[in-house]
Every structure is written in structure tokens, then in C-alpha cells.
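Report on the following structure.
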Protein chains: 2
Amino acid sequence: MSEHPLLAPIERSRLSKQITVQLCRMIGQGQLQPGDRLPPERELAELLGVSRSSLREALHVLEMAGIVTIRQGGGTFVRELAGDGLLSPLLLMLDVRGDLVGDLLEVRIMFEPETAARAAQRATAEDLAELERNIAAQGRLVAAGQPGDGWLALDRQFHVAIARASHNEVAVRVTGFITEMLQDVQRHFVASDERMQHAFARHQQILLAVNESEPQRARATMLEHLREVERFVLCEVAAEGRG
Amino acid sequence: MSEHPLLAPIERSRLSKQITVQLCRMIGQGQLQPGDRLPPERELAELLGVSRSSLREALHVLEMAGIVTIRQGGGTFVRELAGDGLLSPLLLMLDVRGDLVGDLLEVRIMFEPETAARAAQRATAEDLAELERNIAAQGRLVAAGQPGDGWLALDRQFHVAIARASHNEVAVRVTGFITEMLQDVQRHFVASDERMQHAFARHQQILLAVNESEPQRARATMLEHLREVERFVLCEVAAEGRG
DNA sequence: ACCGTCGATTGGTCAGACCATCAGGCAACT
DNA sequence: AGTTGCCTGATGGTCTGACCAATCGACGGT
């Protein structure tokens with residue numbers, strides 16, 4: 001009986017929470033555009049009638065939520081929501097629970113094939129152009145035989161671009177999360193030339209299916225690709241664990 | 001040529017960021033268990049050799065990330081990771097972009113049927129017992145004809161329980177996110193008796209499929225259910241927009 | 001045994017100071 | 001004239017210490 005359905009939803013809101021919400025609303029209503037620079041902390045604090053400490057707590061929460069970027073000596077800026085570099089509040093979870101990598105990979109397998117299918121239905125010419133550029137860049141790295149951080153970045157970019165082609169912004173964000181977290185894991189070991197070539201081939205097949213508007217094939221190919229990636233990553237993680 | 005492969009990846013870390021990571025690690029290594037109470041801010045600040053301000057910024061970020069709960073006058077506690085009430089850094093996004101509800105519903109449709117399928121493969125006796133209890137509670141509300149916040153909570157709890165039966169903790173978290181955000185949206189309008197009865201019937205069908213270990217049927221039924229929910233919610237949102 | 005009061009504990013907010021970093025202008029050097 | 005280097009102001013980062021507000025628990029009265 002600790003909860004009464006009617007009474008007591010009393011939201012005693014911390015000041016910093018209110019500030020957080022208010023700044024979000026301002027961004028939502030277009031009073032603050034992505035890329036805009038916020039007033040300096042001291043000034044903004046005075047405008048809002050709060051102390052700098054409270055304001056700073058709110059700003060840090062917003063940064064963690066990926067809404068703003070804070071640069072010392074530079075200022076605080078509203079972040080591009082659709083941008084590639086997205087944050088990860090969940091990223092912290094991987095520090096908390098390293099055993100979640102397997103679960104994360106499975107969630108990816110549940111999710112991204114559906115995204116690819118929708119991308120095949122909805123991709124515009126611009127989406128396809130972006131994917132083509134990405135694939136071309138991948139091709140250059142493959143030809144040069146250079147796996148590494150550059151390859152990882154392009155790989156991630158490809159998957160996010162597929163999500164973007166699905167024209168579902170939440171999907172873009174979720175894909176950004178997942179790939180960012182997994183990229184962090186994969187950074188520890190370098191993929192072989194062979195792995196890179198195989199992944200590149202899969203990426204080409206996926207793009208082809210999207211380009212030809214074949215959702216089923218896009219979904220199936222993405223599924224196969226991700227299962228291969230899963231097997232590889234889990235092997236490496238296990239090997240690292242033994243090492 | 002802005003990137004040199006060797007030099008200059010220098011990561012200059014804010015103190016509050018370091019604190020955030022360190023606390024996460026402590027939780028990950030079991031030095032802090034879920035449910036544990038952290039030392040008081042003043043004490044913890046001294047232990048870490050930082051000021052209370054920096055520590056507070058870190059704690060607030062951790063709260064936003066769902067790692068801890070802060071209660072004025074009570075203390076700061078490590079949160080149950082698998083717990084029901086998880087927060088959402090993404091929740092702020094709905095303030096920023098109200099038009100994302102449709103995208104969110106679609107992501108749910110991509111994701112939860114897969115979760116249900118895996119639940120049908122992996123659910124244990126305890127999982128089923130929890131689902132049974134939840135369905136029974138739903139039945140009581142349906143019999144009493146009481147849609148409202150209580151129903152919404154049980155509805156959400158059902159979907160999260162399905163995710164839990166899939167034995168994928170990341171999936172539990174993602175489902176928690178999505179349902180929490182949507183619950184926030186749905187709170188604005190009350191479901192009809194009829195809607196509740198229909199959803200209840202679907203829930204029963206899903207549980208049946210899970211209970212009989214039939215992944216395909218679980219997936220299909222969940223998909224159908226979520227499409228119905230999507231249609232309903234989008235209608236209501238549109239109506240609200242016009243009102 | 002129950003309940004209200006009060007005090008200690010703990011988080012919430014504030015104000016002011018100083019440090020670290022960055023951007024841009026200015027001056028000296030080549 | 002162009003480049004380099006430094007200086008300065010702006011801005012975020014950190015620290016200190018104080019006081020407010022909510023909570024919890026012990027104490028004493030009923």
C-alpha cells in the first residue's frame with residue numbers, strides 16, 4: 001500500500017532538473033537552434049535567476065544526454081541532433097557490466113535488420129549517395145589493406161547511414177548508441193584484413209538490396225552480416241579474457 | 001590532413017568525468033552493490049580528494065544515466081540495474097522533438113516482437129510466474145473497468161517482464177526506456193474500457209505463446225498488438241493536436 | 001505501545017574566488 | 001608583407017565555505 005493511485009505524485013523538482021527541462025523546451029521551440037552558442041554560464045545563471053552551480057549541474061546532464069557540447073574556454077553549444085557523434089549514457093553501463101557485450105550484440109541483431117528493411121523502402125537519392133560515398137571510402141581502405149580506427153569509424157558510419165535512410169530519427173539514435181558502444185569494445189583488438197574484406201563485401205550487398213528497394217533481402221543480408229560480426233567479437237572478447 | 005595517425009589524440013578529461021568513470025568502475029567491480037548507499041557527499045568528496053561541486057556534477061550525471069538515485073536528506077543509492085523504474089536520458093528528447101512519437105512507436109514495433117520471440121525460447125518458470133501474476137492483476141482491473149494510471153503501469157510492467165523473460169539485460173533496459181517514454185505520452189489521455197479489454201486479450205495471447213514456447217506465434221502476436229497500439233496512440237496524439 | 005517533537009544527518013542552493021584553456025588581436029621578428 | 005609569438009580577455013573548471021530543506025531516528029510524553 002505504499003502507492004496511492006491518485007495522491008502523492010508530488011514532483012518535488014530539483015532546481016537543476018527544472019533548468020534541464022526548461023533548456024530542452026527552449027531548444028524544442030526553436031528559441032535555440034542546433035549549433036547555437038549558449039550565453040556564458042555566469043550570464044545564463046543570472047538570466048535564469050539561479051546560481052552557477054545549479055546551472056552547471058543541469059548543463060552537465062544535458063551534455064550527457066547529448067543535447068549540448070561544452071568546451072572549456074570556448075563555450076557551450078547546442079548539438080546537432082541528427083549528427084553522427086552521439087553520446088552514450090548507456091556507455092557507462094559497459095563499465096558497470098562488462099558481461100553485457102553479448103546482450104548488446106543480440107539487441108543489435110534484433111534491431112538493425114528491421115532498420116535495413118525500412119531503409120530499402122524509404123531511401124532517397126541523397127541517402128543512397130551518402131551510402132555510396134561511404135562504401136567508396138571503405139573500398140579505398142580495403143585496397144590499401146588498412147584495418148584500424150579508420151575502418152571502425154567507416155563501419156559505424158555505414159550502419160548509422162542505413163538507419164538514417166530508414167528516416168526514423170529514433171532508430172538513428174539507437175543505432176548510434178549501439179555502434180558507439182561496440183566500437184569502444186572493438187577498439188581493443190585490430191580486425192584482420194580478411195575480416196575487413198568480408199565485412200566490406202556484406203556492406204556492398206546490403207547497399208545493393210537497399211538500392212534496389214528489396215526490404216526482405218536487405219533484412220536477411222544485414223542479419224547474416226551481424227551474426228558474423230557477433231561470432232567474431234565474442235571470440236575476440238573471450239580470447240582477450242583468457243589473455 | 002587534420003588527423004595524424006600517431007600524435008594528438010590527447011584526451012583531456014574533466015575531473016567530474018573522471019569521477020563518473022571511477023564510480024562506475026567501482027560498481028562494476030562489485031565494490032558497490034545495487035542497493036548500497038554511497039557515503040555522504042562531503043565524505044565521498046574528501047575520500048576522492050575533490051571538491052563537493054565536482055562530485056555533485058558527477059553524481060547528477062550518474063543519476064541521469066540511471067546508475068544511482070539521489071534523495072535529499074536520505075542519501076545516494078546504487079540503483080537496481082534490472083529494476084523496473086529506469087529513467088531515460090532520451091526522455092528529454094521528447095521535449096526537444098515532440099514529433100518523434102511516431103518514430104518511437106515504429107522502433108518499438110521493430111524491437112519488441114523479437115524480444116517476445118526470444119522470451120518464448122528462454123522463459124523460466126519464475127519468468128512465467130511473474131507474467132501470470134501480472135496478467136492476473138490486469139484481469140482484476142479489466143473486471144473492475146478501471147483504465148487509468150494503474151492500467152498503464154501494469155501494461156508497461158507486462159512488456160518489461162516479457163523482455164526480462166528473454167534474459168537479455170540490454171533488451172530489458174531498452175524496453176524500459178521505450179515504454180516509459182510512451183507511458184508519458186499516453187498519460188495525457190485515458191484509454192477506453194474497450195481498448196483496455198482488447199489489449200488485455202492480446203497480452204493473454206502473447207503469454208500463451210511464450211508459455212508454449214512458440215517463438216513465431218509470440219513474435220506475430222506481439223507485432224499485431226503493437227500495431228494496434230500504434231494506430232490508437234497516433235490517433236489520440238493527432239486528436240490532441242487538433243484539440 | 002503509540003505518537004509527536006526535535007535534533008542530527010544529508011542532499012540542495014548559493015556566493016565568490018582562483019585556475020586552465022581558448023580565441024583573437026597586437027607586436028616583434030624575419 | 002608575412003609569419004611568428006605573446007598577451008589579454010572571455011569562458012569553462014574547480015574549490016571553499018556557508019546556509020537552506022528534507023529526511024531519519026532517538027527521545028520523551030501520552
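Lettering follows sequence order; numbering is per chain, from 1. Note that the coordinates shown come from a computational prediction; the quantities given were computed from them, not determined experimentally.
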Item to check | Among C/dT13, D/dT14, D/dG12, the nucleotide that comes nearest once only the side chain of A/Glu41 is considered | outcome: D/dG12

Item to check | Test side chain to side chain donor-acceptor pair (under 3.5 Å) applied to B/Thr175 - qualifying residues, sequence neighbours left out | outcome: none

Next on the checklist: If the condition is salt bridge (charged side-chain N to carboxylate O under 4.0 Å, His left out), which residues does A/Arg108 pass it with, not counting sequence neighbours?
Outcome noted: A/Glu112

Checklist entry - In chain order, what residues pass the side chain to side chain contact (heavy atoms under 4.5 Å, CB included) check against A/Ala161, with sequence neighbours excluded? => result A/Glu130, A/Leu131

Checklist entry - Reckon B/Thr76 has a side-chain N or O less than 4.0 Å from the OP1 or OP2 of C/dG11? => result yes

Checklist entry - What is the distance, rounded to the nearest whole Å, between atom CG of A/Leu59 and atom P of D/dG12? => result 8 Å

Item to check | Nucleotide D/dT14, atom C1' - distance to CD1 of B/Ile19 in whole Å | outcome: 10 Å

Item to check | Rounded interatomic separation in angstrom, taking CZ from B/Arg56 and P from C/dT10 | outcome: 15 Å

Checklist outcome for this item: Taken in chain and number order and not counting sequence neighbours, the residues that satisfy side chain to side chain contact (heavy atoms under 4.5 Å, CB included) with B/Gln33 are B/Asp36

Checklist entry - For B/Gln18, does the CD atom sit with more than 12 other heavy atoms under 6.0 Å from it, leaving out its own atoms? => result yes

Next on the checklist: The side chain of B/Ser54 is closest to which nucleotide in this list: D/dC15, D/dA22, C/dT13?
Outcome noted: D/dC15

Checklist entry - Does A/Arg37 have a side-chain nitrogen or oxygen under 4.0 Å from the phosphate oxygens OP1 or OP2 of D/dT11? => result yes

Next on the checklist: Whole angstroms only, please: what is the CD-P distance between A/Glu63 and D/dG13?
Outcome noted: 8 Å

Item to check | Residue pairs passing the side-chain hydrogen bond (donor to acceptor under 3.5 Å, both in side chains) test where at least one lies in residues 134-148 of chain A, sequence neighbours excluded | outcome: A/Asn134-A/Gln138, A/Gln138-A/His203

Checklist outcome for this item: salt bridge (charged side-chain N to carboxylate O under 4.0 Å, His left out) filter on B/Glu230, not counting sequence neighbours, yields none

Checklist entry - In residues 42-53 of chain B, which residues come under 4.0 Å of DNA chain D by heavy atom? => result B/Arg42, B/Val50, B/Ser51, B/Arg52, B/Ser53

Checklist entry - Looking at residues at least two apart in the chain, or sitting in another chain, which of them share a side chain to side chain contact (heavy atoms under 4.5 Å, CB included) with B/Glu43? => result B/Pro39, B/Pro40

Item to check | For DNA chain C, stems built from three or more consecutive Watson-Crick or G-U wobble pairs below 3.5 Å | outcome: C:1-30 with D:1-30

